[in-house]
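Note that this is a predicted model, so its numbers are computed, not measured.
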Amino acid sequence: MSDSIELLIDGRAALGEGAIWDSQKKVLYWVDIINGEVHIYDPVEHHDRVIPVEQQAGTVVPCKSGGLMLALHHGFAHLDLETEEMKLISDPEQDIPGNRFNDGKCDPAGRFWAGTISMEDKSDMSALYRMDADYSVHKMLDKISISNGIAWSLDHKTMYYIDSPTRRVDAFYYDMDTGGISKRRPVVSVPEEMGLPDGMTLDAEGMIWVALWEGSAVARWNPANGELLEVINIPASRVTSCAFGGANLDELYVTTARIGLNDEELQAQPQAGGLFRAKPGLRGIPAYEFGG
């Protein structure tokens, strides 16, 4: 495998996140959470369209009916890509104004899973939610600290999930018919020296790739035995999310952040906040879209 990495967009994002490839439109969606921006990167045109939204944007997924579904500071919302108009759908934590939505993805049945984070650094105050195609919202986990990466196994029987401070990737039995999860168990432990696990994606061999906050890398693990398989170094310490994309799904896109870095750290890593791409020598799988 190759660990060569290239800077695609010197975006200087405060908190780049939420990378996801749209296999139909051949573009990459990602967000700058803090600045409330949705980005649409076209690798053929090498153009990054920026759509400002009204609040901090945690993550984004394409919708079957068109447009994008967002998980924002104040809940779930739909974004029309033609008019750039946003319609709020549901805010399950309107009674917790100190929380905002963070990372999330759609499951194989088209349900949108997204979790929250305390902006006041409070532990165990957040949760993981599931929004079904009929826009009903269900709390799936509580007492979460920093809800982050999520992915599903190739056979659709397992859901992988990251609550960053645990330094683990956990697995659940996943029922595709009902969207239920059960029997939580750890499958990967991230050593402290590698940073905190953040966003996550799955490759076509069923291995998981995890962005490492304060780890300057994306790492590949085997969830069956917890073995570390590969590390791709990134010239930015705060690596936040990763997603396979490109015409053959053989390019790994990586988002990073600048937030919290002091002047000396920024001088040492001037590309922090950029969008990067690696070619690891294998493929990913198509991302799932929201069924609504």
Side-chain angles (χ1 to χ4, degrees), residues 18-24 59 61-64 69 71 102-116 126-144 146-164 166-190 197-211 218-230 241-245 249-250 252 280 282-292:
I20 182 171
W21 179 258
D22 187 327
S23 294
Q24 300 297 319
T59 195
V61 293
C63 295
K64 183 178 180 180
M69 192 62 68
N102 199 45
D103 206 354
K105 289 292 184 296
C106 287
D107 70 12
R111 308 176 185 96
F112 186 15
W113 296 66
T116 55
S126 303
L128 176 67
Y129 297 89
R130 188 194 79 212
M131 184 170 70
D132 294 352
D134 63 0
Y135 303 108
S136 60
V137 177
H138 312 269
K139 182 186 285 189
M140 303 305 293
L141 295 173
D142 58 11
K143 296 183 178 179
I144 300 299
I146 302 177
S147 189
N148 250 313
I150 192 166
W152 287 265
S153 62
L154 297 178
D155 63 6
H156 302 166
K157 294 181 179 180
T158 302
M159 185 183 87
Y160 302 112
Y161 176 69
I162 292 171
D163 179 3
S164 290
T166 67
R167 297 187 182 276
R168 297 194 315 261
V169 179
D170 289 345
F172 296 81
Y173 290 110
Y174 163 70
D175 188 323
M176 184 170 166
D177 292 332
T178 66
I181 54 174
S182 61
K183 299 184 179 180
R184 184 175 186 169
R185 62 225 184 256
V187 292
V188 169
S189 294
V190 179
D198 202 314
M200 173 171 52
T201 194
L202 193 84
D203 66 34
E205 296 179 357
M207 304 297 107
I208 54 177
W209 292 77
V210 180
V218 175
R220 183 184 191 229
W221 270 278
N222 184 343
N225 57 20
E227 181 184 1
L228 176 63
L229 302 174
E230 181 82 9
S241 76
C242 53
F244 281 95
L249 293 176
D250 59 353
L252 186 68
L282 46 77
R283 296 183 179 186
I285 61 173
Y288 306 114
E289 61 183 4
F290 178 63

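Across S241 and G18, no two heavy atoms sit closer than the pair OG-N, 3.4 Å. Taking each heavy atom of P197 and S164 in turn, the nearest pair found is O-OG, 2.6 Å. Nearest heavy-atom pair, P62 versus I20, reported as atom, atom and distance to 0.1 Å: CD-CD1, 3.8 Å. Closest of all the heavy-atom pairs between N148 and D198 is OD1-OD1, 2.7 Å. Heavy-atom minimum distance, W209 versus P280: CH2-CB, 3.8 Å. Counting all heavy atoms, side chain and backbone alike, L154 lies closest to D203 at CD2-O, 3.9 Å.
Below 30°, between 30° and 60°, or above 60°: for F290 and Y135 the angle between ring planes is between 30° and 60°, a tilted geometry.
We find the OH-NZ distance between Y173 and K157 to be 11.0 Å, quoted to the nearest 0.5 Å. The CZ atom of R168 sits 11.0 Å away from the CD1 atom of I162 when rounded to the nearest 0.5 Å. To the nearest 0.5 Å, atom CE of residue M176 and atom CH2 of residue W152 are 11.0 Å apart. Taking NE2 of H138 as the reference point, atom CE of M131 lies at 10.0 Å (rounded to 0.5 Å). To the nearest 0.5 Å, the span separating CG on L141 from CD1 on I144 amounts to 5.0 Å. To the nearest 0.5 Å, atom OG of residue S23 and atom CZ of residue F244 are 12.5 Å apart.
S147 and Y161 form a side-chain donor-acceptor contact under 3.5 Å, judged by distance and modelled atom types alone.
Y174 has its side chain out of reach of Y160: every pair of non-hydrogen atoms, C-beta onward, lies at least 4.5 Å apart. Contact check for M200 versus C242: no side-chain heavy atoms found under the 4.5 Å cut-off.
A71 meets the side-chain contact (heavy atoms from CB on, under 4.5 Å) test with T59, F76, F101, F112, A114; sequence neighbours excluded. Here D107 pairs with R111 under the salt bridge (Lys or Arg N to Asp or Glu O under 4.0 Å) rule; sequence neighbours left out.
Remark: the backbone N or O of T178 is paired with a side-chain donor or acceptor of D175 at under 3.5 angstrom. Although no hydrogens or angles enter the test, the distance criterion places no donor-acceptor pair under 3.5 Å between the side chain of D132 and the main chain of S136. For the pair T158 (side chain) and S153 (backbone), a donor-acceptor distance under 3.5 Å is absent.
Listed by first and then second residue, the salt bridge (Lys or Arg N to Asp or Glu O under 4.0 Å) pairs involving residues 181-190 are D170-R184 (not counting sequence neighbours).
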Run the side chain to side chain contact (heavy atoms under 4.5 Å, CB included) check on R220 and L282 step by step: do they pass? CA-CA 12 Å; R220 183 184 191 229; L282 46 77; 3.5 Å; yes
